Amino acid sequence: MAIAGTLAATALPQGLRALDDFRTRSAARYLAQRAIDARFAAIKRSTVTGLRFEAASPDYRITSVVDGNGNGLRTIDIQRGIDRTLTPPERLDMHFSGVAFGILNGVPDADGQPAAGSDGVRFGASKLLSMNPDGTASSGTLYLHGRDRTQYAVRVLGATGRVRVLKFDFVKGRWGDV
């Protein structure tokens with residue numbers, strides 16, 4: 001009985017870390033797929049589509065949006081109803097318990113530079129990810145972390161609209177592809 005108790009006590013933290021990593025990786029892949037879906041929708045509709053990240057306590061709300069007047073996605077146009085929302089707002093923690101936007105202390109940004117703050121949504125001041133009908137996009141990075149020092153990033157490369165998921169390796173101190 002003592003051996004079984006000892007094995008369980010050592011296995012439980014490992015299992016919790018693995019579950020935290022699984023949830024955070026799943027959330028990163030979910031966001032990457034939402035960005036890819038917005039890119040295909042932009043090409044299919046021949047109009048700018050994208051994702052809006054709106055600050056809401058305690059994290060961000062995500063909404064799919066489409067340009068309504070041909071001038072690209074703009075926060076003021078979304079507020080006025082000109083650029084339409086395609087999906088209701090949702091938060092990551094609705095689907096992925098314990099996962100939040102943000103970059104952990106000591107983790108550099110995905111370019112290897114010291115992180116400029118802990119904000120996990122880095123798509124300019126507007127917090128809009130725009131996907132264009134020609135396949136290009138607004139460049140930026142979404143940083144996600146779990147409860148137990150798990151850090152992922154979803155990067156969108158503007159010139160190609162390519163979406164990549166990266167994981168920070170705390171042992172090596174660098175980002176790598178997932």
Side-chain angles (χ1 to χ4, degrees), residues 9-43 49-56 58-64 73 87 90-132 134-178:
T10 57
L12 186 61
Q14 191 85 358
L16 291 175
R17 276 193 294 278
L19 180 60
D20 186 54
D21 184 69
F22 174 77
R23 284 182 181 147
T24 311
R25 182 179 343 110
S26 296
R29 288 184 173 159
Y30 173 76
L31 288 174
Q33 189 60 51
R34 293 270 316 255
I36 291 166
D37 290 347
R39 182 173 185 236
F40 285 126
I43 294 167
T49 64
L51 300 174
R52 178 185 189 198
F53 297 89
E54 182 181 15
D59 210 1
Y60 284 92
R61 293 187 309 185
I62 309 156
T63 310
S64 294
L73 298 177
T87 61
E90 65 177 347
R91 290 193 338 251
L92 274 181
D93 63 0
M94 292 170 54
H95 305 291
F96 307 99
S97 177
V99 178
F101 287 99
I103 189 163
L104 298 170
N105 270 343
V107 175
D109 69 19
D111 294 322
Q113 302 300 313
S118 62
D119 187 12
V121 178
R122 303 205 179 160
F123 278 97
S126 68
K127 307 291 187 195
L128 290 170
L129 164 58
S130 296
M131 295 294 196
N132 303 307
D134 65 0
T136 62
S138 53
S139 295
T141 305
L142 301 169
Y143 293 96
L144 307 167
H145 65 82
R147 292 183 178 134
D148 189 34
R149 291 192 54 83
T150 305
Q151 183 77 63
Y152 282 84
V154 178
R155 298 203 75 186
V156 178
L157 306 174
T160 62
R162 181 176 177 214
V163 179
R164 295 175 55 203
V165 177
L166 306 171
K167 181 180 181 182
F168 187 74
D169 184 329
F170 285 91
V171 174
K172 295 179 182 176
R174 66 177 183 231
W175 290 95
D177 286 310
V178 173

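FYI, side chains are in, hydrogens and waters are out, and symmetry mates aren't considered; it's all heavy atoms of this structure. The model shown is predicted, which means the values in this text are computed figures rather than measured ones.
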Original post:
Do you know which two heavy atoms are closest between Arg34 and Ser64, and how far apart they sit?
Top reply: NH2-OG, 2.9 Å

Subject >> Pairwise distance OG1(Thr150) to CZ(Phe168) - rounded to 0.5 angstrom >> reply: 12.0 Å

Original post:
Could you go step by step and tell me if Leu129 and Phe53 meet the side chain to side chain contact (heavy atoms under 4.5 Å, CB included) rule?
Top reply: CA-CA 8 Å; Leu129 164 58; Phe53 297 89; 4.3 Å; yes

Original post:
Val165 and Ala28: which non-hydrogen atoms are nearest, and at how many Å?
Top reply: CG1-CB, 3.9 Å

Original post:
Is the shortest heavy-atom distance from the side chain of Glu54 to the side chain of Ile62 under 4.5 Å?
Top reply: no

Original post:
Do Arg23 and Arg147 touch side chain to side chain, with heavy atoms closer than 4.5 Å?
Top reply: yes

Original post:
Where is the tightest heavy-atom contact between Val156 and Ser138, given as atom of each residue plus distance?
Top reply: CG1-O, 3.6 Å

Original post:
Looking only at atom types and distance, does a side-chain atom of Trp175 sit under 3.5 Å from a main-chain N or O of Ala153, one as donor and one as acceptor?
Top reply: no

Original post:
Is a donor on one side and an acceptor on the other found under 3.5 Å between the side chain of Lys167 and the backbone of Asp177?
Top reply: no

**OP:** Find the distance between OG1 (Thr24) and CZ (Arg29) and round it off to the nearest 0.5 Å.
**Re:** 12.0 Å

**OP:** Please step through side-chain hydrogen bond (donor to acceptor under 3.5 Å, both in side chains) for the pair Thr136 and Asp134, ending with a clear verdict.
**Re:** CA-CA 6 Å; Thr136 62; Asp134 65 0; 2.6 Å; yes

**OP:** Flag yes if more than 12 heavy atoms outside Asn105 fall under 6.0 Å of its CG atom; otherwise flag no.
**Re:** no

Original post:
Is it true that Tyr152 and His145 have ring centroids separated by less than 6.0 Å?
Top reply: no

Original post:
Okay, side chain of Tyr143, backbone of Ala110: is any donor-acceptor separation there less than 3.5 Å?
Top reply: yes

Original post:
Looking at CZ of Arg39 and CG of Leu51, how far apart are the two atoms once the value is rounded to the nearest 0.5 Å?
Top reply: 13.5 Å

Original post:
Can you tell me how far OG of Ser97 sits from CG of Leu92, rounded to the nearest 0.5 angstrom?
Top reply: 11.5 Å

Original post:
Any donor-acceptor pair under 3.5 Å linking the side chain of Asn132 with the backbone of Gly135?
Top reply: no

Subject >> side chain to side chain contact (heavy atoms under 4.5 Å, CB included) assessment of Val163 paired with Val154 >> reply: CA-CA 7 Å; Val163 179; Val154 178; 3.8 Å; yes

**OP:** Specify the closest pair of heavy atoms between Met131 and Ala35, including all atoms of both residues, with the distance to one decimal.
**Re:** CE-O, 3.4 Å

Original post:
What are the two closest heavy atoms between Gly161 and Ala137, and how far apart are they?
Top reply: CA-CB, 3.9 Å

Original post:
If you measure from CD1 on Ile103 to OG on Ser118, what distance do you get to the nearest 0.5 Å?
Top reply: 9.0 Å

**OP:** Mind telling me whether Phe101 and Tyr60 have parallel, tilted or perpendicular rings, with 30° and 60° as the class edges?
**Re:** perpendicular

Original post:
With a 4.0 Å cut-off, would you call Asp111 and Arg155 a salt bridge?
Top reply: yes

Original post:
Is the backbone of Gly146 close enough, under 3.5 Å, to the side chain of Gln151 for a donor and an acceptor to pair up by distance?
Top reply: no

Original post:
Between the side chain of Glu90 and the main-chain N/O of Thr63, is any donor-acceptor distance below 3.5 Å?
Top reply: no

Original post:
Are Arg25 and Asp21 ion-paired here, with the side-chain N under 4.0 Å from a carboxylate O?
Top reply: yes

**OP:** Please answer whether the main-chain N or O of Ala115 pairs with a side-chain N or O of Asp109 as donor and acceptor at a distance below 3.5 Å.
**Re:** no

Original post:
Short question: side chain of Asp20, backbone of Asp148 - any donor-acceptor pair under 3.5 Å?
Top reply: yes

Subject >> Residue pair Ala27 / Leu144: nearest heavy atoms and the distance that separates them >> reply: C-CD1, 3.8 Å

Subject >> Nearest-0.5 Å distance that lies between atom CZ in Phe123 and atom OG in Ser130 >> reply: 9.5 Å

Original post:
So with a 6.0 Å cut-off around CZ of Phe170, is the heavy-atom count from everything else above 12?
Top reply: yes

